[in-house]
Amino acid sequence: MRRFFRKRLPAFLLTLVMVMTMVPAVSARSSADIEYKVEAGETVSFDLSKFTDYYDENKDDNLSYLRFTDVTGLDSCGRLYAYDYSREEVGLDEDDLESAYFYVSRSDMSRDDYRLNGMNFLAGKRSNGETVDLAFQMRGDNGGKLTGILRIVIGKTSGSSKGDITYTVKPGEEVVFSDEDFSNAYDKAGGSGTMKYVVFEKPSSDYSNAGTVYSRYGKRNATSFTRSELDDYKFYYGDSDYGDYDLDELSFVADKSFSDSIEIAFTAYGGRGSKENDSVSGTLKITSSKSASSSKGDITYTVKAGEEVTFDDDDFEKIYENSSCTGSFKYVEFSRPDSAFNNAGTLYSRYGKRNETAFTRSSLSSNKFYYGDSDYGDYDLDELSFVADKSFSGSITLNFTVYGGTGTRTNQNVTGTLVITTDKTGSSTAKGDVTYTVKAGDEVAFDEDDFKKVYDSSNCTGSFKYVEFSRPDSAFNNAGTLYSRYGKRNETAFTRSSLSGTTFGYDSYEDADYSLDDLSFVADRTFSDSITLSFTLYGGKNSKCDQSTTGTLVITTGTSAVTSRYVGNIRYNTTPNTALQINANDIARLFRKYTSGGSLQYLTLTSVPATGSLYYNYYNASKYGATRTQLTASMAGSMIFSYSPASASEYDLSELTYIPSGSNYCTALTFTGYSSSGTAVSATILISVTASLVSEVYSVTTKGTSVNFPANSVYSAVASATGFGLSSIQLLELPASTAGVLYVGSYAADTTSAYSYGSDTDSMSQLRFIPNSGFTGSVSIPYVALSSSGTALGAGVVSIGVVDSVKKFTDISTSTWCYKYVTELASANVISGYSNGTFQEKNTITYGAALKLIMLAAGYGEQAPTVKGSPFSGYLAKAKAAGLVSGNPKLNGPITRLQIAQIAAKALKLSATGLPSKKPFTDTNDVYVQALNAAGIIEGYFSNGTSTYKPNNTLTRGQVSAIVWRMKNSVQ
C-alpha cells in the first residue's frame, strides 16, 4: 500500500516547489551533508542508510523519495547509475536527473522511477581531483521536506597520513584483529583502490614483555610471531592472495603482567587491479584495560548473548579454601553492581523452575547465598545463574565477599570478583539465534519462519519484512557457498562482498532483492567446524521498515557444535504399550546419596511429563490417598507424596504410574524431596519410551587400560530399538572421579555437549574412558540419543567393566544376558565355573554355592571346609557364627528367593528400620526382603497394580550372579 495519496505533485505546484527550494539547497551550504570519495576510474556505491539517517535526524516522518534539484560537474566527471522499476541498472546523466525520482520503497515506484537503494557513481579515468555536487530535495511520507548536498570527491584527498588502530585487552586475555579496521584506515588515509595486505615493522623491545601476536590462536595450525619474525610476513586482506597469513585471523594475547600499552607500526598496501602501487602507513596501538579484574579470587564465566550460564558453588569454595581463612565456607554476599548490570542481563535463583527469583541491583546486594546444606543465607548459591540479554556483548564484574569460620561463627572472609563475559571467539560450541546443521558436501535449506520467530520474539512491532546479512569473515570462503535457488533456474551464488547489502524478503516481500525462503548453504567437502553469519531483521507497521533487530545464524557440521539439556538423575525405560511404575526406593536412594545419608520423608512434584500421562493410583488398588487421578501441572504441585504413608488420607509415593503416548521420545518429571528436618533435594526423572527397549552396551577392559567409547554399538542399539539412526548423544552422567575420567580428544567430556556420530572433533568416536591406575569395578555412562534436530529418540546406557583379567567361560559370550555380572565377579574371584571351563548359568544354584557367593560379595573372606567332602561347610559355620543363618540347611539343596534375601540383607548389615510403612510385595512381609528391595538389589514381579516377590521360587546361577553383582557394587 502506498504511504501517501499522490506520488507526483501537480505541475504548477511542482514548479513552485522547485522555484522555492532549488537555490537555497546549493547556496545555503558550503559543505556537503553526505560525502563520498572515489578513485578516478573506479566506482563508489551509495549507502541507503546515509540518506535515511540524514532525513531521520531532521524530520519526524519517514523518507519516501529524493530528487536532485541542481547538479554540478556530473557529465564531465562520470556517470550516476541506479536501478529502475524492473531492477535493471540504468546510467543517468545531468539531463536524466532533471525528471528522475528515487524512491526508498519499490512499492511506491511507477515504471519510470528509480530505487534510491543501490545507486552508485562511476568516476571518469581522467577526473582526478574533481568534485561533483548534487543538490537534492527529500520528501517524507507525511509531508516532510528536507534539502541537502551529496558531494563526490574524485582522487586522493587530504586525509590523515596515518590510519591509527587501537585495541584494548585485559592482562592474560586475547584481543582479535579485524581486517576491516585496517581496510578503513587505508581508505581514510587516502589509499587508492583496494587494500591488499599489511606489513608490520619490527616491534620495540617492549613487545617481548607485553604479549604475543598469533595467527589462528587456539586453533589448528596456530602460529606465534616473535619480534624478529613479525616483520617478515605479509598479512592479506579478504580473499586476496597477497601474503602469507590471513589478516582477519590475527590476534594479540597479552601477558598476565601486561599493564601499559605497546605500538606496532604497519604499512597497508593496495592499488588497482593486480598492481600494488599505493601504500599507507599507520600505527596499531594495543593498550591494557584498566578494568582488568583482580588476580585474587577471580571467577570467570562465559555466556552467549541471550543464553544462561549456571554458577558452581565449588568455584567460590575454592577461593575460600585458597585463602588464609580457617573453618568452613558458609555463604557469599555480592556488592551492588554498577548500572551496566541492568543492560547486561539478569541474575536468577532457580531460573525456569518453581520459585524462580530475579535479582535487581539493589536486591542482589541485600541477600546471602549459602553454600552446600548450610542455612547461613537466603538462597542456595548452587541455584544461581545469569541470563544474558540478547544485546550483551561485553562483560560485567560482580564484587563478592566469601564468609566462613569455625562452628556457627562467620568470622572469616575473603573478597573476590566474578566476571561474566560474552564469548567473542566464535567458539564451535556456539549456538546462534538460528542454527542449521549440515554434513560436509551437503546442502541445508533456510526456513524463513526461523527468522520470523527471531523478529517476533524481539521488541519490534509490525510485520517482519526482510533480512540483511553482514559481511562474513574470511572463514566463510573455506566453509561453503550461500545460494539463492540452488540447482534451479536463476541460481545465484553470493560471495562475502555480494552477500552484504543484499536484501532477502520474507513471504514474497517485493521490495527485497531475493526471497529468504530460496536461500540455502552448500557446505564444502572439507567443512568441519562452524561459521557464524550476523544478520539484521527489518519490519514495521507500514510498508516503511522502521523496526529492526539483530541476530546470528550458526551453520555447523554434525551436532557437536550445539549443546543439549536433557537431565536424568533417575532414569527409566519403557515401551509404548507398557505402563511404568515409579519406584519410591529409587528416589529414596537418590536422596540419601545427595544428602550423605539423609532419609526421604515426602516429595512434591515440580512438573509432570510433557508427553504421556502421569497417574496416581492408576490401578485403583491402593488404600492410600485418592482414587485413580490423572495429575496435571496445575494440581500436582499442591499434592504431597509420602515415602511412608501413616494414614489412608496420605498420598503414597509408590503409586505414581506413567502411561506412554507414542514412541521414540524422552520426557521428564521433576520433584523436590524433603527430610523430616526440612533438607531438600531437587531432581529429575527421565523416561525413555522406545519401540523396544534400548539394550545396554557393555565393554570390558583390564585395569589401567583405556577403552574407546563403543560408538558403533550404541548406534546399533538405538537403531534396533527405535528404527532410526541417531545423529548424536548427550551424556547424562559422568564416571565418578574415583573410577577415572571420560575424555573427548584431549578434554574431559561433559553432560551438555551433543557428541555426533561420525569422525568430527567432538564426536562419539573421540570419547574414551581412562580408568584410574588402581581402580577395578563397574562404570555406568547413561546417555540420550538425539536426532538430527537435537530431539531425543530414546535413552540408553554404556557400561564398562574394569577388571584385573578377563576370565572366559566356554558357554558364556558377550550376548549372554549375565555376561557383565559373570565377567566382573569372576575377575574379582567371587564366582568360579566348573572344571570343564563352563559356567552353566541356567542351572539351579545350591544353597551352599549361593551362601559362598553372598558372603564373598559382602566382604567375608574365603572359608576352608569344616566337614570333609563338603566344600561349603566352612561358609555355613561362619554364617551361623555371624548370625546370617540359623538351623541346618541342606547345602546341596536349592535355595529360595526368601532365603537368599534374608542372608544377603544380614550380610550387608542393612537396617530393617526406616523402611516404608507400605510393604512392597503382597506375598511376603519379610523385613529383609523389604530392606534388600529398598537397597535396589532385588526386584519383584509387577502386574496390574500388584507386586509380588515369589519368595519360594528357586534361582539359577545366572540370576544369583546378578544379585551378587549388585551386592558387591553397593558396598564399594
Pairs meeting criterion ring-ring contact (aromatic ring centres under 6.0 Å, His included) with involvement of residues 703-724, two or more places apart: Tyr715-Tyr757
Exercise: do Thr690 and Thr722 side chains pair donor with acceptor under 3.5 Å: no
Residue pairs, two or more places apart or on separate chains, that pass side chain to side chain donor-acceptor pair (under 3.5 Å) and touch residues 794-804: Glu696-Ser799, Lys703-Asp804
Shortest non-hydrogen contact between Phe591 and Gly673, atoms and distance: CE1-O, 3.3 Å
Spatial distance of atom CG (Leu600) from atom CG (Leu653) [nearest 0.5 Å]: 6.5 Å
Between CG on residue Leu908 and CZ on residue Arg966, distance to nearest 0.5 Å: 13.0 Å
Derivation of the side-chain hydrogen bond (donor to acceptor under 3.5 Å, both in side chains) call for Ser727 and Ser787: CA-CA 5 Å; Ser727 179; Ser787 67; over 6 Å; no
Parallel, tilted or perpendicular: ring planes of Tyr698 versus Tyr819, cut at 30 and 60 degrees: perpendicular
side-chain hydrogen bond (donor to acceptor under 3.5 Å, both in side chains) assessment of Tyr371 paired with Asp314: CA-CA 8 Å; Tyr371 172 73; Asp314 288 331; 3.3 Å; yes
Pair Asn569-Tyr594, side-chain contact (heavy atoms from CB on, under 4.5 Å): steps then yes or no: CA-CA 11 Å; Asn569 309 105; Tyr594 286 178; 3.3 Å; yes
Separation of Ser778 OG from Glu824 CD (nearest 0.5 Å): 4.0 Å
Closest approach of Ile587 to Ile685 (non-hydrogen atoms, all atoms of both residues): CD1-CD1, 4.1 Å
Minimum side-chain heavy-atom gap Thr604-Phe641 below 4.5 Å: no
Contact summary for Gly568 and Leu732, nearest pair of heavy atoms: N-CD2, 3.9 Å
Any donor-acceptor N/O pair, Ser663 side chain to Ala691 backbone, under 3.5 Å: yes
For Asn573 against Ala795, the heavy-atom pair lying closest together: ND2-O, 2.9 Å
I'd like a table of donor-acceptor pairs (distance under 3.5 Å, sequence neighbours excluded) in which one partner is a side-chain atom from residues 733-740, with atom names and distances.
none

Heavy-atom side-chain contact between Ile781 and Val797 under 4.5 Å: no
For Phe839, ring-ring contact (aromatic ring centres under 6.0 Å, His included) partners two or more places apart: Phe809
Set of side chain to side chain contact (heavy atoms under 4.5 Å, CB included) partners for Gln581, sequence neighbours left out: Tyr619, Glu655, Thr657, Phe942
Qualifying residues under salt bridge (charged side-chain N to carboxylate O under 4.0 Å, His left out), relative to Asp652, sequence neighbours excluded: Lys918
N/O donor-acceptor pair under 3.5 Å between Glu383 side chain and Asp380 backbone: no
Point-to-point distance, once rounded to the nearest 0.5 Å, from CD1 of Ile800 to NZ of Lys820: 11.0 Å
Side chains of Ile831 and Val822 in contact at under 4.5 Å (non-hydrogen atoms): yes
Derivation and outcome, side-chain contact (heavy atoms from CB on, under 4.5 Å), residues Val434 and Val454: CA-CA 8 Å; Val434 179; Val454 178; 3.9 Å; yes
Student check: side-chain heavy atoms of Asp750 and Val744 closer than 4.5 Å: no
pair Ile555-Val438: side-chain heavy atoms closer than 4.5 Å: yes
Identified side chain to side chain contact (heavy atoms under 4.5 Å, CB included) counterpart of Leu669 within the set Thr684, Leu605, Leu686, Val608: Leu605
Contacts of Tyr949 that satisfy ring-ring contact (aromatic ring centres under 6.0 Å, His included) - sequence neighbours left out: Phe921
side-chain contact (heavy atoms from CB on, under 4.5 Å) assessment of Thr776 paired with Val803: CA-CA 5 Å; Thr776 58; Val803 299; 5.9 Å; no
Side chain to side chain, Thr705 and Val707, heavy atoms closer than 4.5 Å: no
Exam field: side chain Asp382 to backbone Asp312, donor-acceptor pair closer than 3.5 Å: no
Any residue meeting ring-ring contact (aromatic ring centres under 6.0 Å, His included) with Tyr821, in chain and number order, not counting sequence neighbours: Trp965
Test item: Asp447 side-chain N/O and Asp449 main-chain N/O as donor-acceptor pair under 3.5 Å: yes
Ring centre gap for Phe521 and Tyr436 strictly below 6.0 Å: no
Qualifying salt bridge (charged side-chain N to carboxylate O under 4.0 Å, His left out) pairs with a residue from residues 707-728, counting only residues at least two apart or across chains: none
Beyond-backbone contact of Leu853 with Val960, side-chain heavy atoms, under 4.5 angstrom: yes
Listed partners of Asn829 passing side chain to side chain donor-acceptor pair (under 3.5 Å), at least two apart: Lys807
Candidate pair Ser599 and Ser675, rule side-chain contact (heavy atoms from CB on, under 4.5 Å), full reasoning: CA-CA 6 Å; Ser599 297; Ser675 69; 5.7 Å; no
Point-to-point distance, once rounded to the nearest 0.5 Å, from CG of Asp315 to CG of Leu418: 9.0 Å
Exercise: identify the closest heavy-atom pair between Glu308 and Ser385: OE2-OG, 2.8 Å
Point-to-point distance, once rounded to the nearest 0.5 Å, from OG of Ser947 to OH of Tyr941: 10.5 Å
Close side-chain approach of Tyr783 and Gln730, heavy atoms under 4.5 Å: no
Aromatic ring proximity, centroids under 6.0 angstrom, Phe386 and Tyr301: no
Nearest heavy-atom neighbours spanning Arg571 and Pro782: NE-CB, 3.3 Å
Residues in side chain to side chain donor-acceptor pair (under 3.5 Å) contact with Thr670, at least two apart in sequence or another chain: Thr606, Ser607
By ring-ring contact (aromatic ring centres under 6.0 Å, His included) - contacts of Tyr572 (at least two apart): none
Heavy-atom donor-acceptor pair, Thr578 side chain to Thr574 backbone, under 3.5 Å: no
Electrostatic pair Arg957-Glu841, nearest N-O below 4.0 angstrom: no
Donor-acceptor under 3.5 Å (Thr667 side chain, Ala610 main chain): yes
